[in-house]
Amino acid sequence: MFKQTVPMQRALAIAPSILAADFARFGEEVRAIDAGGADWVHVDVMDGHFVPNISFGPQVVRAIRPHTKKVLDVHLMIAPADPYLAEFAAAGADIITVHAEAGPHLHRSLQAIRALGKKAGVSLNPGTPESAIDYVLDLVDLVLVMSVNPGFGGQAFIPSALDKVARIKAMIGDRPIDLEVDGGVTADNAGALAKAGANALVAGSAVFKGGESAYAGNIAAIRSAAERARGELV
Ligand code: DX5
Ligand code: ZN
């Protein structure tokens, strides 16, 4: 009788962060990473309050939506998040991720995202223990492990994130939840991250370096490192 020995892996998703794109050319940049093989487009929203930087809001999500059919993965680094969830949903987000540290009512925020018909994500800062999501795991479609302190692109990967990914992977068990890592991800650490259990890899500088003609190669380098670690490439 057939017996499955390899556990099912969730699909690998490479998610370039448009925080590293040319802000004056968002439409072209999004089309370029789409054509270059991105699976998701990661959109970093910062409010200058939850994190020490300001990026952009729902109008930018609305503006880039017509430029790609790929998943728009919206990472909200804002507090409070709840007053803006409906606006991000209407703007065309597919996944909306809130931070566990962004307010006292994480459970309510996740319920609100699902009630809007969107996939709900929860993110943890490097200093936040994984126990913060113990009681919301059945309410989420994605867990986002920050491997830098959020606020800026181009920072160095914090190695303790690897262990955290492995612990959260075990907590998730067989639930249909994507496990994403964000911050300092490169082709050099993508393999270790995939091995630890991450299936969604966000990369800003590592994708956008070298200009438009380099995007496809940069995405492919991250993908093949992860695929090799997942046993999908020999
Ligand atoms: C950091 C953002 C990241 C950032 C990643 O606050 O959440 O998505 O754009 O950029 P790199 O890949 O350059 O670390
Ligand atoms: Zn992000």
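None of the values given here were measured: they were computed from a predicted structure. We count ligands from 1, going down the list as the structure has it; atoms in each ligand are counted the same way.
- Between the side chain of E227 and the backbone N or O of L233, no donor-acceptor pair lies under 3.5 Å.
- Atom 13 (O) of ligand 1 has as its closest protein heavy atom S205 OG, 2.3 Å.
- Here the heavy atom of the protein found nearest to atom 14 (O) of ligand 1 is G184 N, 2.8 Å.
- Distance CG/L72 to NE2/H42: 11.5 Å, rounded to 0.5 Å.
- Proximity of F26 to I18: side-chain heavy atoms (C-beta onward) are separated by under 4.5 Å at one or more points.
- In this structure, V74 and A93 approach most closely via the heavy-atom pair CG2-CB, 3.5 Å.
- Heavy-atom distances between G154 and ligand 1 reach below 4.0 Å in at least one pair.
- Remark: ligand 1 atoms within the under-4.0 Å shell around heavy atoms of H42 are 8 (O).
- The contact set between ligand 1 and G153, taken as ligand atoms under 4.0 Å from a residue heavy atom, comprises 10 (O), 13 (O).
- Annotation for ligand 1: atoms under 4.0 Å from non-hydrogen atoms of H75 are 7 (O).
- Using a 4.0 Å cut-off to heavy atoms of D44, the atoms of ligand 1 that qualify are 2 (C), 3 (C), 4 (C), 7 (O), 8 (O), 9 (O).
- Remark: at the Zn ion (ligand 2), atom NE2 from H42 and atom ND1 from H75 enclose 100°, rounded to the nearest 10 degrees.
- Distances from atom 1 (C) of ligand 1 to the heavy atoms of F157, F208, F152 put F152 nearest.
- Those atoms of ligand 1 with a heavy atom of D182 less than 4.0 angstrom away are 2 (C), 3 (C), 4 (C), 5 (C), 7 (O), 8 (O).
- Of all atoms in ligand 1, numbered sequentially from 1 with element shown, those under 4.0 Å from a heavy atom of A203 are 12 (O).
- Between I168 and I177 there is no side-chain heavy-atom pair separated by less than 4.5 Å.
- Between H67 and D34, every side-chain heavy-atom pair lies at or beyond the 4.5 Å cut-off.
- The atoms of ligand 1 that sit less than 4.0 Å from any heavy atom of M46 are 6 (O).
- Look at R65 and D94 and you find a salt bridge, because one of the NZ, NE, NH1 or NH2 atoms lies within 4.0 Å of a carboxylate O, short of that distance.
- Taking atom 6 (O) of ligand 1 as the reference point, the nearest protein heavy-atom neighbour is G151 N, 2.8 Å.
- In terms of modelled atom types and a separation under 3.5 Å, the side chain of N125 and the main chain of G127 share no donor-acceptor contact.
- For ligand 1, the atoms closer than 4.0 angstrom to any heavy atom of G183 are 14 (O).
- Nearest protein heavy-atom neighbour of atom 12 (O) of ligand 1: G204 N, 2.7 Å.
- The name of the N, O or S atom in D44 nearest to the Zn ion (ligand 2) is OD1.
- In terms of heavy-atom proximity, V181 sits nearest to S147 at CG1-OG, 3.3 Å.
- Side-chain contact of D182 with H75: a donor-acceptor pair under 3.5 Å is present, judged by distance alone.
- Summary: OD2 is the N/O/S atom of D182 found nearest to the Zn ion (ligand 2).
- Remark: the backbone N or O of S160 is not paired with any side-chain donor or acceptor of D163 at under 3.5 angstrom.
- Using a 4.5 Å heavy-atom threshold, the side chains of V71 and K119 count as separate.
- The parts of P150 lying near ligand 1 are both backbone and side chain, judged by heavy-atom distances below 4.0 Å.
- Considering both main-chain and side-chain atoms, N149 never comes within under 3.5 Å of ligand 1 through any nitrogen or oxygen pair.
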